[in-house]
> 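Sharing a structure, written as structure tokens. Questions coming.
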Amino acid sequence: MEGNGTLMLSLDGFIDVDTNLHEPMYVCIACLSLNSLFLSTTVYPKLFADVLSKHQSISLSFCLLQFFFFYSFGASDITLLLVMSYDRYVSICSPLRYASVMGARRVSVFLALAWFVPGCLLMVTISMQSKQKICSLTSGGIFCNGAMLKIYCMIPMPVMGWTFFGISTVVLLPVLLILFTYVKIFIVSYRSLAWKKAVDTCLPHVIVLIATVALVLCDAVIGLLGSVLPKSVQLITTVQTVVYTPLLNPMVYGLKLKEIRKHIDKLFRSNHVGAMANQVE
């Protein structure tokens with residue numbers, strides 16, 4: 001986790017310090033990296049404590065709290081990707097309107113909603129779940145993800161309906177909108193012979209989107225089939241959901257996008273020159 005956190009904080013630091021990177025796309029990248037750091041923080045401290053402890057236990061209230069933050073920040077990964085895809089859509093398909101459409105105030109509202117909407121939906125879900133009768137004291141998961149739902153005797157239809165509505169709002173609908181914007185971007189780029197620019201700009205988004213959707217499916221498999229899967233499969237699948245995304249996001253965006261990579265190289269060179277000057281003195 002230390003390496004992941006250092007990489008994400010470094011990426012946020014580059015964007016925060018360099019005013020040349022204070023554009024909607026780079027601000028969104030910083031927010032996505034910060035969100036991945038928050039996501040890791042909800043899981044790793046308790047996970048490390050369980051590894052070092054002989055007895056792994058957690059209170060129901062803390063488990064629900066971890067469940068809330070894990071899925072809230074997990075869903076925010078997708079909604080932030082939606083904001084980024086819309087930014088690229090306006091930039092490539094309507095470049096003359098970009099400055100007016102993606103102003104600082106509007107981008108701030110988009111980013112706030114990307115965190116606020118998943119959090120509100122999860123708060124209602126947690127409130128409904130906490131009122132259900134518990135029949136088991138063992139969740140079977142290494143942290144409080146979808147596998148914890150089996151501690152309840154049954155999930156009433158209203159709770160299932162609200163859960164499906166929440167998943168549709170912050171997962172299914174954003175993914176469909178993202179795919180729609182990418183298709184439009186590639187069509188416009190192909191017609192205007194700007195295909196290479198579109199690929200260079202959108203490829204990191206597509207990679208992160210595919211990885212995020214794959215991990216969402218892995219988590220869904222654990223929640224639905226966890227009781228029939230071997231323990232080793234459950235462990236591997238669960239660990240993937242908390243390792244790959246925090247590591248992948250900053251690496252893909254930090255190493256793929258030329259502007260960030262250029263300023264990283266510039267910073268390392270200046271540090272190297274400064275170190276040599278100190279040695280000479």
Side-chain angles (χ1 to χ4, degrees), residues 23-36 39 71-122 161-221 241 244-245 248-250 252-253 256-259:
E23 300 177 9
M25 180 175 65
Y26 300 113
V27 173
C28 290
I29 293 173
C31 290
L32 189 65
S33 299
L34 188 63
N35 189 76
S36 296
L39 180 63
Y71 284 107
S72 177
F73 290 128
S76 294
D77 253 5
I78 299 177
T79 51
L80 286 170
L81 286 173
L82 176 59
V83 176
M84 296 174 71
S85 68
Y86 181 69
D87 172 78
R88 293 299 85 202
Y89 172 79
V90 178
S91 175
I92 295 175
C93 299
S94 303
L96 298 180
R97 300 177 56 241
Y98 181 78
S100 60
V101 173
M102 298 301 293
R105 179 175 298 181
R106 184 169 297 180
V107 171
S108 299
V109 172
F110 287 160
L111 294 176
L113 289 175
W115 271 307
F116 181 75
V117 173
C120 288
L121 292 174
L122 261 296
W162 176 261
T163 302
F164 178 77
F165 170 76
I167 293 174
S168 300
T169 303
V170 297
V171 178
L172 297 180
L173 182 60
V175 168
L176 291 176
L177 290 175
I178 292 171
L179 293 176
F180 172 77
T181 57
Y182 288 153
V183 170
K184 291 286 291 183
I185 287 172
F186 290 136
I187 291 175
V188 171
S189 301
Y190 182 77
R191 291 175 177 174
S192 61
L193 302 179
W195 178 260
K196 186 179 184 301
K197 178 182 177 181
V199 171
D200 288 341
T201 303
C202 299
L203 183 59
H205 304 212
V206 175
I207 293 174
V208 172
L209 176 65
I210 293 174
T212 302
V213 172
L215 296 177
V216 169
L217 294 177
C218 287
D219 187 75
V221 169
T241 63
Y244 287 165
T245 298
L248 181 66
N249 286 355
V252 169
Y253 287 112
K256 177 61 181 176
L257 293 175
K258 295 180 180 179
E259 287 298 321

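The first residue in the sequence is number 1, and the count goes up from there.
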> Using 30° and 60° as the class boundaries, would you call the ring planes of F180 and Y89 parallel, tilted or perpendicular?
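F180 and Y89: tilted rings.
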> Between F73 and N35, which heavy-atom pair has the shortest distance, and what is it?
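Taking F73 first and N35 second, the nearest heavy atoms are O-ND2, 2.7 Å.
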> Please find the pair of heavy atoms, one from T169 and one from V117, that lie closest to each other, and give the distance.
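In this case the closest contact between T169 and V117 is CG2-CG1, 4.4 Å.
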> Hey, what do you get for CD1 (I185) to CZ (R88), rounding to the nearest 0.5 Å?
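If we round to the nearest 0.5 Å, I185:CD1 and R88:CZ are 8.0 Å apart.
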> Should V188 and C93 be marked as a side-chain contact (heavy atoms from CB on, under 4.5 Å) after you check the CA-CA gap, both sets of side-chain angles, and the distance that decides it?
CA-CA 6 Å; V188 171; C93 299; 3.7 Å; yes
> Would you say the side chain of Y86 lies within less than 4.5 Å of the side chain of I178, judging by non-hydrogen atoms?
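No, too far: nothing below the 4.5 Å cut-off.
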> Tell me the closest heavy-atom pair linking A114 and V83, and the distance in Å.
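What the structure gives for the nearest pair is CB-CG2, 4.4 Å.
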> Per the side-chain hydrogen bond (donor to acceptor under 3.5 Å, both in side chains) rule, what does the pair list look like for residues 95-110, sequence neighbours excluded?
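As it turns out, the side-chain hydrogen bond (donor to acceptor under 3.5 Å, both in side chains) pairs with a partner in residues 95-110, which skip direct neighbours, are D87-Y98.
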> Answer yes or no: is there a donor N or O on one side and an acceptor on the other, between the side chain of S94 and the main chain of V90, under 3.5 Å?
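A pair under 3.5 Å: no.
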> Yes or no on side-chain contact (heavy atoms from CB on, under 4.5 Å) for L177 and S85, after CA distance, side-chain angles and deciding distance?
CA-CA 9 Å; L177 290 175; S85 68; over 6 Å; no
> Working to the nearest 0.5 Å, report the span between CG of L32 and CD1 of I78.
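L32 CG to I78 CD1: 11.0 Å, rounded to 0.5 Å.
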> Rounded to the nearest 0.5 Å, how far apart are OH of Y71 and CG of L39?
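Rounded to the nearest 0.5 Å, the OH-CG separation comes to 10.5 Å.
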> Pair F110, T79 - check side-chain contact (heavy atoms from CB on, under 4.5 Å), show working.
CA-CA 9 Å; F110 287 160; T79 51; over 6 Å; no
> To the nearest 0.5 Å, what is the distance between CD1 on I92 and NZ on K184?
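Between I92 CD1 and K184 NZ, I get 13.0 Å after rounding to 0.5 Å.
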> Just verifying a value: how many Å separate I167 CD1 and W162 CH2, rounded to the nearest 0.5 Å?
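I167 atom CD1 to W162 atom CH2 measures 12.0 Å (nearest 0.5 Å).
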> Using side-chain heavy atoms (C-beta onward) and a distance below 4.5 Å, is M84 in contact with V208?
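Not touching, per the 4.5 Å side-chain cut-off.
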> Quick check: closest heavy atoms across L209 and L81, and the distance to 0.1 Å?
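Smallest interatomic distance, heavy atoms only, reads CA-CD1, 4.0 Å.
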> Please test L179 against V175 for side-chain contact (heavy atoms from CB on, under 4.5 Å), starting from the C-alpha separation and ending with a verdict.
CA-CA 6 Å; L179 293 176; V175 168; 4.1 Å; yes
> Within this structure, what is the OG-CG distance for the pair S36 and D77, rounded to the nearest 0.5 Å?
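Answer rounded to 0.5 Å: 4.5 Å.
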> Do you know the tightest heavy-atom contact between S76 and P118?
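Where S76 meets P118 most closely, the heavy atoms are OG-CG, 3.8 Å.
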